[in-house]
Amino acid sequence: MAEAGTIVYDARDKILGRLASLVAKQLMAARKSGREQRVIIYNAEHAVVSGPKTKVLSDYDFKYKLNHPRKGPFYPRMPDQILKRTVRGMLPYQKNSSGRGALRDLRVMIGQPTNLSGDDLPEGHAWGDTSGIERPLPLKFVRLGEISSSLGVDATRWEGE
């Protein structure tokens, strides 16, 4: 797995923070060792945030409304951008260029791309090991797609995929 140039993760039913911290650690480890390693996360809209629905939605609504339209801080509404921003929060993005470079190696997608469907991955790609973060779904959770819909994004963009 460590030899592959690209690590692929499916975010379906994964807890957002656990997946983001795993990916951030991998990106920084690859950056520090000098390896060329990219990470692809797909099905971002199916990642889950644990907690009561009303509290999670109000927290994300507060973060989104905290900004000024022209001055920022800018907080994303799309599920793929929320996941990428969560990983960015776990990287030394402001302090040094290694965090910025690590974030450039991350791709987050809504839905499943056709070249990553099935068990066969393209040459140089490998499945990421999520055995350390696998947990049963919590009793109370919200999917990133629902959070985006509550922030005003048209959910028909990713439904049906």
Under the criterion side chain to side chain donor-acceptor pair (under 3.5 Å), I'd like the reasoning laid out for Glu146 against Tyr60: C-alpha separation, chi angles, the key distance, then a yes or no. CA-CA 11 Å; Glu146 293 177 57; Tyr60 276 89; over 6 Å; no
Which atom pair, heavy atoms only, marks the closest approach of [X] to [Y]?
X	Y	value
Ala44	Ala11	CA-CB, 4.2 Å
Gly145	Pro79	N-CB, 4.5 Å
Pro113	Tyr42	CD-CB, 3.8 Å
Pro92	Ser98	CG-OG, 4.4 Å
Arg35	Gln37	NH1-OE1, 2.6 Å

Min side-chain heavy-atom separation [X]-[Y] under 4.5 Å:
X	Y	value
Leu106	Arg88	no
Ile40	Tyr9	no
Met109	Asp80	no
Arg135	Arg18	yes
Leu103	Leu27	no
Met28	Leu91	yes
Leu116	Pro122	yes
Lys14	Glu134	yes

Do you reckon Val108 sits in the same ILVMFWY cluster as Met90, going by side-chain contacts under 4.5 Å, direct or chained? no
Under the salt bridge (charged side-chain N to carboxylate O under 4.0 Å, His left out) test, residues paired with [X] that sit two or more places apart:
X	result
Arg143	Asp13
Lys32	none
Asp105	Arg31, Arg38

NZ/NE/NH1/NH2 to OD/OE distance under 4.0 Å, Lys55 and Asp59: yes
Interatomic distance, [X] atom [atom1] to [Y] atom [atom2] [nearest 0.5 angstrom]:
X	Y	atom1	atom2	value
Leu19	Arg12	CG	CZ	13.5 Å
Ser21	Ile133	OG	CD1	7.0 Å
Leu57	Leu151	CG	CG	8.0 Å
Leu83	Glu45	CG	CD	10.5 Å
Ser150	Tyr64	OG	OH	11.0 Å
Leu144	Asn43	CG	CG	11.5 Å

Which other residues belong to the hydrophobic cluster containing Ile15, where Ile, Leu, Val, Met, Phe, Trp and Tyr are joined when side-chain heavy atoms lie under 4.5 Å apart, directly or via other members? Val48, Leu137, Phe141
Hydrophobic cluster mates of Phe62, side-chain heavy atoms under 4.5 angstrom, ILVMFWY only, any path? Leu66
Does Lys65 have any side-chain hydrogen bond (donor to acceptor under 3.5 Å, both in side chains) partners at least two apart in sequence or in another chain, and if so, which? Asp61
Within the side chain of Ser148, is there an N or O that forms a donor-acceptor pair under 3.5 Å with the backbone of Arg77? yes
